[in-house]
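Note that ligands are numbered from 1 as they come in the structure, with each ligand's atoms numbered from 1 the same way. Please read these numbers as outputs of a predicted model, since none were measured by experiment.
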Amino acid sequence: MSQSLPVVAVASLGGTISMTPSDAAGGVVPTLDAEQLARSVPGLSEVATIRTASLRQLPSASLRYDDLMETLAWAEAQVCDGAAGVVLTQGTDTLEETAFLLDLFWKLPAPLIVTGAMRAPQAAGADGPANLLAAVRTATHSDSAGRGVLVVMNDTVHYARWVSKGDSLAVQAFVSHDGGVAARVVEGRPTFFHAPPARPAPLARPVRAWPKVALVTAVLGDEGELAELAVKAGYEAVVIAAQGAGHVSFGFAGRIGELTAQVPVVIASRASAGATASQTYGYVGAEIDLVRRGAHMSGWLSALKSRLLVSALLASGVGAGEVGEALANWSKLTRQ
Ligand code: GLU
């Protein structure tokens, strides 16, 4: 192995990329560790010197905040110990959330990259090895620095802030709608389409237990009872995946007015792309009314990511009164 190869630290957290069939379970379950994953990738040892760690072996729906904060500390330690970049392998079901959560705290210029697979290793056309190879190649490339946490899937590089899982099972599952993809990996190297985007200052590490923040989807005939129940049950903030550009029914709007006196309320859109409005619609339950009632609009940030941002802010000791400003910073789509 050449000494001049960059070091890339690879950690496995579980997910389809690591799953093999189990007769007892009747389907695939996470079994492979980081070393096995790295060994399964043809040519990986020619791209980088790989340092592996098997941190978790979980389906990604069962990853918890503590798992991710420990992973973050491990990733930082790897960079401090000379790694040019870090790659995490995990399940794709929550990848758009975990990558963004890590992005909120990632303060190093070195790339932290999250990848996974849509097809398990024994399936025809398994995509895990190709994704891991593309992720490591991206981790070693100088253009990847200073872009925060990146997601590499299907030879496409996404920003953690704008990526979403747009398809439950397809290999081309991940999309970056309005933020746009960061790069494509072509002939073994990432081609970035723009200069690194402006990034808000990373959040301070949590200083208290993670709060429960509710995510409630507003639906036809909805009067907002679930949002009210969540606050009564002790949820410390509510994010509403609202209709269209951030709209709810007359009844729901009334409840939001009462809830904002108690907890931060964020209005995102339940649509898969686009921003919330700020100054277009004047009827009761539309954005102008909801902001007057004390709610914050999520701008370009999705409902899923808004919930994580509010959770992380409160966990980091940011007061409820500062949630609106932080949300405005993280939801800007402008480039530097
Ligand atoms: N489709 C998921 C995956 O790609 C299932 C399991 C998980 O998210 O851990 O990994």
S.K.: If we only consider heavy atoms of Ala117, is any one of them less than 4.0 Å away from an atom in ligand 1?
M.R.: yes

S.K.: Provide, to 0.1 Å, the distance between atom 3 (C) of ligand 1 and the closest protein heavy atom, together with that atom's residue and name.
M.R.: Thr16 OG1, 2.7 Å

S.K.: Return the residue, atom name and 0.1 Å-rounded distance of the protein heavy atom closest to atom 4 (O) of ligand 1.
M.R.: Thr92 OG1, 2.5 Å

S.K.: May I ask you to decide whether Arg205 forms a salt bridge with Glu76, counting only side-chain N to carboxylate O separations under 4.0 Å?
M.R.: yes

S.K.: May I ask you to decide whether Asp93 forms a salt bridge with Lys165, counting only side-chain N to carboxylate O separations under 4.0 Å?
M.R.: yes

S.K.: If the test is side-chain contact (heavy atoms from CB on, under 4.5 Å), which one of Leu259, Leu290, Ile256, Thr217 qualifies with Ile240?
M.R.: Ile256

S.K.: Are His247 and Tyr283 near enough that their ring centres are under 6.0 Å apart?
M.R.: yes

S.K.: Note the single closest protein heavy atom to atom 1 (N) of ligand 1, along with its residue, its atom name and the distance in Å.
M.R.: Asp93 OD1, 3.1 Å

S.K.: If we set the cut-off at 4.0 Å for heavy atoms, which region of Lys165 has an atom near ligand 1: side chain, backbone, both, or neither?
M.R.: side chain

S.K.: Are any non-hydrogen side-chain atoms of Thr115 and Met153 less than 4.5 angstrom apart?
M.R.: yes

S.K.: List every atom of ligand 1 that sits less than 4.0 Å from any heavy atom of Gly15, numbering the atoms from 1 in the order shown and giving each element.
M.R.: 9 (O), 10 (O)

S.K.: Would Arg119 count as a contact of ligand 1 if the rule is a heavy atom under 4.0 Å away?
M.R.: no

S.K.: Provide, to 0.1 Å, the distance between atom 8 (O) of ligand 1 and the closest protein heavy atom, together with that atom's residue and name.
M.R.: Ser60 OG, 2.6 Å

S.K.: For residues 264-272, tabulate all N or O donor-acceptor pairs below 3.5 Å that involve a side-chain atom, not counting sequence neighbours.
M.R.:
| residue | atom | partner | partner atom | Å |
| --- | --- | --- | --- | --- |
| Ser269 | OG | Gly244 | O | 2.5 |
| Ser269 | OG | Ala271 | N | 3.0 |
| Arg270 | NH1 | Ala218 | O | 2.8 |

S.K.: Please confirm whether Gln90 comes under 4.0 Å of ligand 1, counting heavy atoms of the residue only.
M.R.: no

